[in-house]
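Chain letters run A, B, ... following the sequence lines, proteins first, then strands; residues in each count from 1. Bear in mind the structure is a predicted one, so any value in this text is a computation, not a measurement.
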Number of protein chains: 2
Amino acid sequence: MQNDCRLCPMKTKATTMLSDCSLDQLSNNHLELKLKKGDSIIKEGTYSTNVIFLRTGLAKIHLAGPYNEQIVKIVKAPTYLGLPTTFGSKINQYSVTAITEAEVCYIDLQVFLSILDENKEFTHEIIQEFCKNELESFHRCANRTQKLIRGNMADALLDFSDKIFKSDSFILPLSQTEFANLVDTSRESVSRVLSEFDKDGIIRLNGRKIEILNKKSLIMISQNG
Amino acid sequence: MQNDCRLCPMKTKATTMLSDCSLDQLSNNHLELKLKKGDSIIKEGTYSTNVIFLRTGLAKIHLAGPYNEQIVKIVKAPTYLGLPTTFGSKINQYSVTAITEAEVCYIDLQVFLSILDENKEFTHEIIQEFCKNELESFHRCANRTQKLIRGNMADALLDFSDKIFKSDSFILPLSQTEFANLVDTSRESVSRVLSEFDKDGIIRLNGRKIEILNKKSLIMISQNG
DNA sequence: AATATTTTGTGATTTGCATCACATTGCATA
DNA sequence: TATGCAATGTGATGCAAATCACAAAATATT
């Protein structure tokens, strides 16, 4: 299915500035798909020559660790996915899977590159994105390994609240097992800590629905490790 | 001190292709320094509008974690440093410190950007570098948190051997405390595991000099966690 | 609606490693 | 060459969290 990219409501700052020519090129060289929760967007180990634009929805980036499936991070539309593999070995080094309903555009790598070459704003935007990701990965590296479980869980909840949903109340788009693989702990610990937070009145827990009642406490817990 | 970048022996593929004009611009807008072990290259929390080119030597990228100084990774010349902070907040989010003698060039951000804009090859090289780093950070994320200490130490030793020194025999450019902060463990555990590896004939340890005697064993240990 | 399957809750036990404590060695500076 | 401080080696102890083992809910499937 092809759409007119000129009509796409999800354009970023830079893509808004693309020339009609570039936009036409995009329109004619991309495949747009609607996905449902659980659908695979990128699969580790497979061949790929596409860059993927996540138009709407949430996805998890994950890969096989030595013992468990590791969830590296949760990403939110709009964002580009798969540049590392497309630029590098062409074999995907990680998987991306929708964790909500989502819409994605598969963009041919050559088309993507030619647009990149033509458009400085777009290039800067992509580089900025990489820079942001690199900083995030540094901080994650320092925090995840040094903090205790309660601290990491608090961080994750604050992330969902502040960055993903921008609301104190949300439905966790992950099972406890997945949550554990994101936060580097065991499924049982996730269950226990969530119950504790609920018992202490820090969150209200109802199935996968979470309401943050006391953000200050969560921040405290995050800082104490 | 200013040097003629046209004579720089450490140019990468892309910088070799820069126009004389760009190279002159570089030559006139950079500061070259010789550093000794322990000298700071980038300091967390300080203001910066430079990109840094590490011409020769090794450096550690590190930042303050909630409890310890966390070493994120060891980098080797030639490489660019400081792009994330320069592109983003202008306040350095992490430190970089020489761990051997090193030579660095401080390049004004605006000059760096104008060269980036002028030169597609160079842009691609930078983006590729980011992609490689992102993949590395994903793998680190999955491995460091899932493996046991012996596995992580084995990984680190293999990294030094294969990627940094390209030799089975090298002098660790880190104290055990630093090594611990790189490998996410305690100083005492580093000491113990290194002794174990020595006792088992996997490495020969002599002060900070390490000789890898049995790489196969190290790989085994790495895989067993 | 009935059955199977996945997800979640929670106690009991085990364990890898941090922490503590101190001895020893190496290295720098007077 | 002596003196001081930083880096290392190694045992004893404590603890956070993994693992094990089920029960109970919740979802999916027929």
Base, sugar-phosphate, or nothing: which does B:Ser189 touch, judged by heavy atoms less than 4.0 Å apart?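 Contact class for B:Ser189: sugar-phosphate only.
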Distance, nearest 0.5 Å, that separates CD of B:Glu134 from CD of B:Glu129: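 Interatomic distance, B:Glu134 CD to B:Glu129 CD, rounded to 0.5 Å: 13.0 Å.
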May I have the distance from A:Tyr67 (atom OH) to D:dA17 (atom P), rounded to whole angstrom?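 The distance from OH of A:Tyr67 to P of D:dA17 comes to 20 Å, rounded to the nearest Å.
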Is there a side-chain contact between A:Thr185 and the phosphate of D:dA18, meaning an N or O under 4.0 Å from OP1 or OP2?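 For D:dA18, OP1/OP2 do have a side-chain N/O of A:Thr185 under 4.0 Å.
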Answer yes or no: side-chain N or O of A:Arg192 and base N or O of C:dG11 forming a donor-acceptor pair under 3.5 Å.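 Answer is yes: a donor-acceptor pair is held.
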Take the protein atom CD of B:Glu188 and the nucleotide atom P of D:dA6, then report the distance between them rounded to whole Å.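 Going from CD in B:Glu188 over to P in D:dA6 covers 17 Å.
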CA sep, side-chain torsions, deciding dist, call: A:Phe87, B:Phe130, ring-ring contact (aromatic ring centres under 6.0 Å, His included): CA-CA 10 Å; A:Phe87 259 85; B:Phe130 273 117; over 10 Å; no
NZ (A:Lys43) with more than 12 external heavy atoms under 6.0 Å: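 Atom NZ in A:Lys43 is not packed in, count stays at 12 or less.
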Distance below 4.0 Å between B:Gln176 side-chain N/O and D:dA6 OP1 or OP2: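 The answer is no; no side-chain N or O of B:Gln176 sits under 4.0 Å from OP1 or OP2.
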Nucleotide C:dT19, atom C1' - distance to CG of A:Leu148 in whole Å: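 About 13 Å, once rounded to whole Å.
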Which atoms form the tightest heavy-atom contact between A:His62 and A:Glu44, and what is the distance?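 Residues A:His62 and A:Glu44, closest heavy atoms: O-OE1, 4.5 Å.
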Do any N or O atoms of the protein come closer than 3.5 Å to N or O atoms of nucleotides 22-26 of chain D, and which pairs are they?
none

Answer with base, sugar-phosphate or nothing: what part of the nucleic acid does A:Ser175 contact at a heavy-atom distance below 4.0 Å?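 It contacts sugar-phosphate atoms only.
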Nearest atoms (heavy-atom pairs only) where A:Ile107 meets A:Phe53: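 So the minimum-distance heavy-atom pair works out to CD1-CB, 4.0 Å.
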Of A:Ser186 and B:Leu174, the one whose closest DNA chain D nucleotide lies more 5':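 Whichever sits nearer the 5' end wins; that is B:Leu174.
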Assess whether salt bridge (Lys or Arg N to Asp or Glu O under 4.0 Å) is satisfied between A:Lys36 and A:Glu101, documenting all intermediate values. CA-CA 4 Å; A:Lys36 49 188 202 310; A:Glu101 293 197 338; over 6 Å; no
Please state how far atom NZ in B:Lys37 lies from atom C1' in D:dA7, giving the value in whole angstrom units.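 These atoms are roughly 12 Å apart.
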Can you see which heavy atom on B:Thr97 is nearest to which on B:Asp39, and at what distance?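 B:Thr97 and B:Asp39 have their closest heavy atoms at CG2-O, 3.3 Å.
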Look at the side-chain N and O atoms of B:Ser195 and state whether any lies under 4.0 Å from the OP1 or OP2 oxygen of D:dT10.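 Affirmative; the distance criterion is met.
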Side chain of A:Arg208, base of D:dT27: donor and acceptor closer than 3.5 Å?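 Side chain to base: no pair below 3.5 Å.
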Whole Å only: how far is the CZ atom of B:Phe179 from the P atom of D:dA6?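 To the nearest whole Å, that distance equals 23 Å.
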How long is the line joining CD of A:Glu196 and C1' of D:dA17, in whole Å?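 Going from A:Glu196 (CD) to D:dA17 (C1'), I get 12 Å.
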